[in-house]
Amino acid sequence: MSGSPECIFCEIVSGQSEASIVFRDELVTVFMDIHPVNPGHLLVVPNQHASGIDDVPEAVCARMFIIGRRMARALRRSGLRCEGVNLYLADGEAAGQDVFHSHLHVIPRFRGNPGSFHLKVDFSAAASREDLDVQAEAIRSSLDSAGAGSRV
Ligand code: 5GP
Ligand code: ZN
């Protein structure tokens, strides 16, 4: 397990800092968020330090989401209040990432709870097909030859 100096999540993964661990395997560790949006708020982190999601090997990304899904199922059965779940990953400062060891939030939600993860979508105005096609082409042409491609 390779850590990064002064990374709080590396310290948690290596056991140097305290955390309430829910699950761990050879690729990922899951622990309780210290500032939960709701009780039961979990973080799924790669065991190996990677600041952004593009630095996380694909197999580990897959594991993060597989375990995130499993955690969501466990939350629904746990007796904690959980009527829905947000899987949320902030990648980059502009996206709201505060801790630069990539992580997937698994957040229990229930009707009427304070705070909102609803995207501020303006349903009154759909984007033009022309704009969407231009944007789609820009993204398509940036995919590498592997297709869905980024680093494996
Ligand atoms: P971000 O804003 O980067 O998507 O999320 C970072 C999350 O890490 C926040 O929800 C924050 O509460 C959590 N966090 C920050 N420091 C610690 C810590 O020392 N221990 C735990 N368990 N969670 C932390
Ligand atoms: Zn780290």
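Scope of the values below: all heavy atoms of this structure, side chains included, with no hydrogens, waters or symmetry mates. Since we're looking at a predicted model, the values are computed, not measured. Both ligands and their constituent atoms are indexed starting at 1 by order of listing.
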| field | Test item: Asn47 side-chain N/O and Asp25 main-chain N/O as donor-acceptor pair under 3.5 Å | value | yes

| query | Just heavy atoms, cut-off under 4.0 Å: does Ala90 contact ligand 1 by side chain, backbone, both, or neither? | reply | side chain

| Under 6.0 Å between ring centres, would you say that holds for Phe9 and Phe31? | yes

| said: If we ignore hydrogens and angles and just use 3.5 Å, is the side chain of Asn38 paired with the main-chain N or O of Pro108 as donor and acceptor? | reply: yes

| request: Starting from atom 19 (O) of ligand 1, find the nearest protein heavy-atom neighbour and note its residue, name and distance. | output: Ile8 CG1, 3.2 Å

| What atoms of ligand 1 come within less than 4.0 Å of a heavy atom belonging to Gln97? | 3 (O)

| For atom 10 (O) of ligand 1, the protein heavy atom that lies nearest, with its residue and separation | Asp33 OD2, 2.5 Å

| Mind checking whether Gly96 has a heavy atom under 4.0 Å from ligand 1? | yes

| query | Which atoms of ligand 1 sit under 4.0 Å from any heavy atom of His35? | reply | 12 (O)

| request: Around atom 1 (P) of ligand 1, find the nearest protein heavy atom and jot down its residue, atom name and distance. | output: His103 NE2, 3.2 Å

| task | Examine distances only and state if a side-chain atom of Glu83 and a backbone atom of Arg111 form a donor-acceptor pair shorter than 3.5 Å. | result | yes

| query | By atom name, which N, O or S atom belonging to His49 lies closest to the Zn ion (ligand 2)? | reply | ND1

| task | Determine which of the N, O or S atoms in His101 is closest to the Zn ion (ligand 2) and give its atom name. | result | ND1

| Heavy atom under 4.0 Å from ligand 1: found in Leu89's side chain, backbone, both, or neither? | neither

| message | Taking 4.0 Å as the limit for heavy-atom contacts, which would you say applies to Ile12 with ligand 1: side chain only, backbone only, both, or neither? | response | side chain

| atom 22 (N) of ligand 1 [closest protein heavy-atom partner, distance rounded to 0.1 Å] | Met32 O, 2.9 Å

| query | For Gly92, does its backbone N or O pair with a side-chain atom of Gln97 as donor and acceptor, under 3.5 Å? | reply | yes

| Which value, rounded to the nearest 0.5 Å, describes the distance between His49 atom NE2 and Phe100 atom CZ? | 10.0 Å

| Pair His103 and His101, ring centroids less than 6.0 Å apart | no

| said: Among His105, His41, His101, which one puts a heavy atom closest to atom 4 (O) of ligand 1? | reply: His105

| Close-contact set for ligand 1 against Asp98 heavy atoms, below 4.0 Å | 1 (P), 2 (O), 3 (O)

| remark: Of all protein heavy atoms, the one nearest atom 15 (C) of ligand 1 is Val99 CG2, 3.9 Å

| said: Please check if the number of heavy atoms outside Arg73 that lie under 6.0 Å from its CZ is greater than 12. | reply: yes

| query | Just by distance, do the side chain of Asp55 and the backbone of Gly52 share a donor-acceptor pair under 3.5 Å? | reply | yes

| query | Quick one: does Phe100 get within less than 4.0 Å of ligand 1, heavy atoms only? | reply | no

| Test side chain to side chain contact (heavy atoms under 4.5 Å, CB included) applied to Val44 and Thr29, Val22, Val30, the passing residue | Val30

| task | With heavy atoms only and a cut-off of under 4.0 Å, state how Ile34 meets ligand 1: side chain, backbone, both or neither. | result | both

| said: Looking at Gln16, I'd like to know if its CD atom is crowded, meaning that more than 12 non-hydrogen atoms belonging to other residues, nucleotides or ligands lie closer than 6.0 Å. | reply: yes

| message | Counting only heavy atoms from other residues, nucleotides and ligands, does the tally under 6.0 Å from CD of Glu130 exceed 12? | response | no

| remark: Taking the Zn ion (ligand 2) as the apex, SG on Cys7 and SG on Cys10 give an angle, to 10°, of 120°

| message | Could you identify the single nearest non-hydrogen protein atom to atom 8 (O) of ligand 1 and state the distance to 0.1 Å? | response | Phe9 CZ, 3.4 Å

